[in-house]
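Got a structure here, written out as structure tokens. Questions coming.
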Number of protein chains: 2
Amino acid sequence: MVTIKDIAKVAGVSPSTVSRVVSNHPRISKETSQKVKRIMEEMGYHPNVMAKSLVSKTTQTLAIVLPRPAEELFQDFFFGELLRGILTQSARAGYDMLLTAATSPHDESETVSRLVFGRRVDGIILLSSRVNDPLIDMLDKHKFPTVLIGRTDEHPNILSVDNNNEQAAYDATAHLIVQGHERIGFVSGPPALTVARDRMQGYQRALREAGLPIRSEWVVEGEFLQQSGYRAMSFLMGLPERPSGLVVIDDVVGFGVLRGLTELGYKVPDDLSLVSFNNIALSELAQPPISSIDIGTYQLGYTASQILIRLIQEENVHQTRMIIPHRLIVRESSIHTVAKRS
Amino acid sequence: MVTIKDIAKVAGVSPSTVSRVVSNHPRISKETSQKVKRIMEEMGYHPNVMAKSLVSKTTQTLAIVLPRPAEELFQDFFFGELLRGILTQSARAGYDMLLTAATSPHDESETVSRLVFGRRVDGIILLSSRVNDPLIDMLDKHKFPTVLIGRTDEHPNILSVDNNNEQAAYDATAHLIVQGHERIGFVSGPPALTVARDRMQGYQRALREAGLPIRSEWVVEGEFLQQSGYRAMSFLMGLPERPSGLVVIDDVVGFGVLRGLTELGYKVPDDLSLVSFNNIALSELAQPPISSIDIGTYQLGYTASQILIRLIQEENVHQTRMIIPHRLIVRESSIHTVAKRS
DNA sequence: ATGAACTGTGCAAACGTTTTAACAAACCCA
DNA sequence: TGGGTTTGTTAAAACGTTTGCACAGTTCAT
């Protein structure tokens, strides 16, 4: 490996000069700079990242901490898009991305400690947003640059990027109400996740404002899994009084719902109208296409990376909570009026 | 930050002794070791990763290099599962994972050079497997620990993990043949990708061995996008003589195919039977569920990470090509006989 | 009893950078 | 002409580890 010293020797200058050439120091003469650059090119010099990090105390690296296995599938679909947003922005800003998936809670804090205190990364993007997360506690206490994709009430100083999930769920529900539905159910996710709580609130507010009944048997809590949607259907459709419209916490769950309904012999949207969340690419291709709240997944990731880097580079970042706008994409699963070809 | 010297001072030993305690050097006495460990615990010592890497010349980090944007969506679905396999194994082996997505070809070689020559990572997992890839050339020439998920003929020394895609396509096609189909088409991907070539070969071999016609108008090349499947249908179903069975290169494309057929008023599998590849979670939930070749996505990732780490740690690794078994998952899209509830 | 082998520890060099302080040379303004 | 400023460069310390070598003390076989 060719080092800064090798270059210096060949160029007949000191190592410090070479270092300054690399970092475009203003007080280097044109000639020296050109000569050194030429020699670096010729000899194929690449700075040793570790040595640089050691002295500069910055690694130009961020870490993404994935949620624990319980929420595993949750990732699988809109996760790719989120990642793409994060990677695009961080690459643009010259940061590398470290990806860590902890298997156990103990493991998780162990891993993050290693990254944080071992000075391996400059900042952390958290994807999990459980209520009362000890990991967030830890990062907050040490004032380590952190951004949360999601929401936390307990830590006002932690930067976060989120949707207005309450409003999004309100909008989804209101859309069904406008379509004439009066009996509207909700297939939710794990109540420990803030996103599930927020959406539940919005769902209830929409019903309340419209003067419609809030019936607890029409609310089913599950996971971010297809099976949850599938199972919810055998329950909901077995009720003496059934909902005619359904808000579903996630597109993948929506697919399960669709499958369940089909097997039970019901038609969407005729027997039950459907709106779900996240707008993954495949919702458009469901049979029928599923109406979904687009949460700006790519932008969520892009923005998270952006404000994290800003937090690292500038001292004072004032805005701590960023809201990415959502929008409802209406498809056949929630409108009766579309002519169906078949 | 508390360093090894701080610990040494408090424990009344030399820094070297502390270092040896950390690395469990055999010639450290029980008492010293225990005392030092206790103090480390108390003072919250975490080794500085950069300093360690600098002297040990190993970073305990691997990089995943994602394919360029053209293949972007290709990732999105089975990518999550692949990633999970890689992350699980590398975490288990004590390696961190760096994720990089290059935007341009120039960018790509630039980024990888930086990682490789800057000694930032110990090994690289390549996800793209284009024919004649300059990146693979470069890594091969420098003998940098690399494993390719996919296949390359030009570089016999590069480790690779792959499916037997030729056989998989053969199996998919043979399955349709067994179902009685004699006119079988193939919706393929970009011909620059080895995976598309391999599957094409297998498809053709199956037809040849069964004495069935290979008709070039029944083969459509596209991308790994839903739209490709959708478009392929308007073409194929507009032919004077149409296929009655179809092999599709990817589940997502299969979703597009399904959508296209539905819009055109055809029924699956009655009018056209379908088998595709990758077996993403949602293929089970398509309407009808799509028969798919499970390529062992998780294991593909897990194995890639495993042999890369072996290559890094041991000098001589003999086996250079690893084949992950596939299996056909038969669902309704390819069998007439299932009673349909509706 | 004596040298050999082993055990436990410390010193100091090394890894490849960045950066502070110092300094010589050139330039500028009166 | 001389002091001050600017420009271009360097020497050397520092970042936090690891590790080869040295060495003192202990154990062991003869």
Side-chain angles (χ1 to χ4, degrees), chain A residues 1-37 39-40 43-61 94 96 113-122, chain B residues 1-37 39-40 43-61 94 96 113-122:
Chain A
M1 280 292 91
V2 29
T3 77
I4 236 177
K5 285 184 191 166
D6 300 328
I7 302 293
K9 210 164 292 172
V10 174
V13 296
S14 76
S16 7
T17 300
V18 177
S19 171
R20 291 200 163 90
V21 168
V22 172
S23 57
N24 285 316
H25 191 279
R27 285 218 209 145
I28 290 289
S29 71
K30 264 268 184 291
E31 307 87 59
T32 311
S33 172
Q34 278 174 1
K35 181 174 61 178
V36 170
K37 276 180 178 161
I39 293 174
M40 290 194 308
M43 299 183 63
Y45 169 72
H46 289 263
N48 181 307
V49 181
M50 296 303 149
K52 180 170 180 165
S53 291
L54 181 58
V55 36
S56 71
K57 294 184 176 316
T58 142
T59 59
Q60 298 289 106
T61 307
D96 287 325
S113 295
R114 187 172 55 79
L115 297 179
V116 168
F117 300 116
R119 288 275 169 259
R120 169 148 243 188
V121 300
D122 296 344
Chain B
M1 281 294 90
V2 29
T3 77
I4 235 178
K5 286 185 189 164
D6 301 328
I7 303 293
K9 211 165 289 172
V10 174
V13 295
S14 76
S16 10
T17 300
V18 177
S19 171
R20 289 194 241 265
V21 168
V22 172
S23 57
N24 285 316
H25 191 280
R27 287 219 208 142
I28 291 289
S29 73
K30 265 268 183 290
E31 308 86 58
T32 311
S33 172
Q34 278 173 1
K35 182 174 61 180
V36 169
K37 276 180 178 162
I39 294 174
M40 289 195 309
M43 301 182 62
Y45 170 72
H46 289 264
N48 182 306
V49 181
M50 296 304 149
K52 180 169 179 166
S53 292
L54 182 58
V55 36
S56 71
K57 295 186 176 315
T58 142
T59 60
Q60 297 289 106
T61 308
D96 287 325
S113 295
R114 187 172 55 80
L115 297 178
V116 168
F117 299 117
R119 288 275 169 259
R120 165 147 247 187
V121 299
D122 296 344

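Residue numbering restarts at 1 for every chain, and letters A, B, ... go by the order of the sequence lines.
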Mind listing the N/O atom pairs, protein and nucleotides 14-17 of chain C, below 3.5 Å?
residue: C/dC15; atom: O3'; partner: B/Lys57; partner atom: NZ; Å: 3.1
residue: C/dG16; atom: OP1; partner: B/Lys57; partner atom: NZ; Å: 3.3
residue: C/dT17; atom: OP1; partner: A/Tyr45; partner atom: OH; Å: 3.1
residue: C/dT17; atom: OP1; partner: A/Asn48; partner atom: N; Å: 3.2
residue: C/dT17; atom: OP2; partner: A/Ile4; partner atom: N; Å: 2.8
residue: C/dT17; atom: O5'; partner: A/Tyr45; partner atom: OH; Å: 3.2

Q: Identify the two heavy atoms, one from A/Gln60 and one from B/Arg120, that lie closest to each other, and give their separation to 0.1 Å.
A: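 Heavy atoms of A/Gln60 and B/Arg120 come nearest at O-NH1, 4.1 Å.
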
Q. Can you find a side-chain donor-acceptor pair between A/Thr58 and A/Asp122 that sits under 3.5 Å?
A.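 Yes - a donor-acceptor pair under 3.5 Å links their side chains.
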
(Q) Does B/Ser53 reach a base, just sugar-phosphate, or nothing at all? Heavy atoms under 4.0 Å. (A)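 No contact.
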
Q) Could you state the CD-C1' distance from B/Glu31 to C/dT9, rounded to the nearest angstrom? A)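 Atom-to-atom, B/Glu31 to C/dT9, this comes out as 13 Å.
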
**Q.** Listed partners of B/Ser23 passing side-chain hydrogen bond (donor to acceptor under 3.5 Å, both in side chains), at least two apart
**A.**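 With sequence neighbours excluded, B/Ser23 shows a side-chain hydrogen bond (donor to acceptor under 3.5 Å, both in side chains) to no residue whatsoever.
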
Q: Pick base, sugar-phosphate or nothing for A/Ser23, based on heavy-atom distances below 4.0 Å to the nucleic acid.
A: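 The residue A/Ser23 makes no contact with any strand.
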
Protein-nucleotides 20-25 of chain D N/O pairs closer than 3.5 Å?
residue: D/dG20; atom: O6; partner: B/Arg20; partner atom: NH2; Å: 3.1

Q: Check whether any side-chain nitrogen or oxygen of A/Ser14 sits under 4.0 Å from OP1 or OP2 of D/dA11, and answer yes or no.
A: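 Looking at the OP1 and OP2 atoms of D/dA11, neither is under 4.0 Å from any side-chain N or O of A/Ser14.
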
Q.
To the nearest 0.5 Å, what is the distance between NE2 on A/His25 and CZ on A/Arg20?
A.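 The NE2 atom of A/His25 sits 5.0 Å away from the CZ atom of A/Arg20.
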
Q | Residues which pass ring-ring contact (aromatic ring centres under 6.0 Å, His included) with A/Phe117, listed by chain and number, not counting sequence neighbours | A |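 Listed in chain order: A/His142, B/His46.
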
Q.
Counting only side-chain nitrogens and oxygens, does A/Ser29 get under 4.0 Å of the OP1 or OP2 atom of D/dT7?
A.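 So the side chain of A/Ser29 is outside the cut-off, no N or O lying under 4.0 Å from OP1 or OP2 of D/dT7.
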
Scan the side chains in residues 4-16 of chain A for donor-acceptor partners under 3.5 Å anywhere in the protein, sequence neighbours excluded, and list what turns up.
residue: A/Asp6; atom: OD2; partner: A/Thr3; partner atom: N; Å: 2.8
residue: A/Ser14; atom: OG; partner: A/Ser16; partner atom: N; Å: 3.4
residue: A/Ser14; atom: OG; partner: A/Ser16; partner atom: OG; Å: 3.1
residue: A/Ser14; atom: OG; partner: A/Thr17; partner atom: N; Å: 3.3
residue: A/Ser14; atom: OG; partner: A/Thr17; partner atom: OG1; Å: 3.2

Q: For the helix from C/dA1-D/dT30 to C/dA30-D/dT1, figure out the bend between the end axes, five pairs an end, and round to 10 degrees.
A: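 Here the local axes at opposite ends form an angle of 30°.
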
Q.
Working note: A/Ile28 + A/Val36, criterion side-chain contact (heavy atoms from CB on, under 4.5 Å); need CA distance, chi angles, decisive distance, verdict.
A. CA-CA 11 Å; A/Ile28 290 289; A/Val36 170; over 6 Å; no

(Q) Classify A/Ser56 by what it touches in the nucleic acid, base, sugar-phosphate, or nothing, heavy-atom distance under 4.0 Å. (A)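 Answer is nothing: A/Ser56 stays at 4.0 Å or more from every strand.
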
Q. Contact class for A/Val13 vs. all strands (heavy atom < 4.0 Å): base, sugar-phosphate, or nothing?
A.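 Sugar-phosphate, backbone atoms only, no base.
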
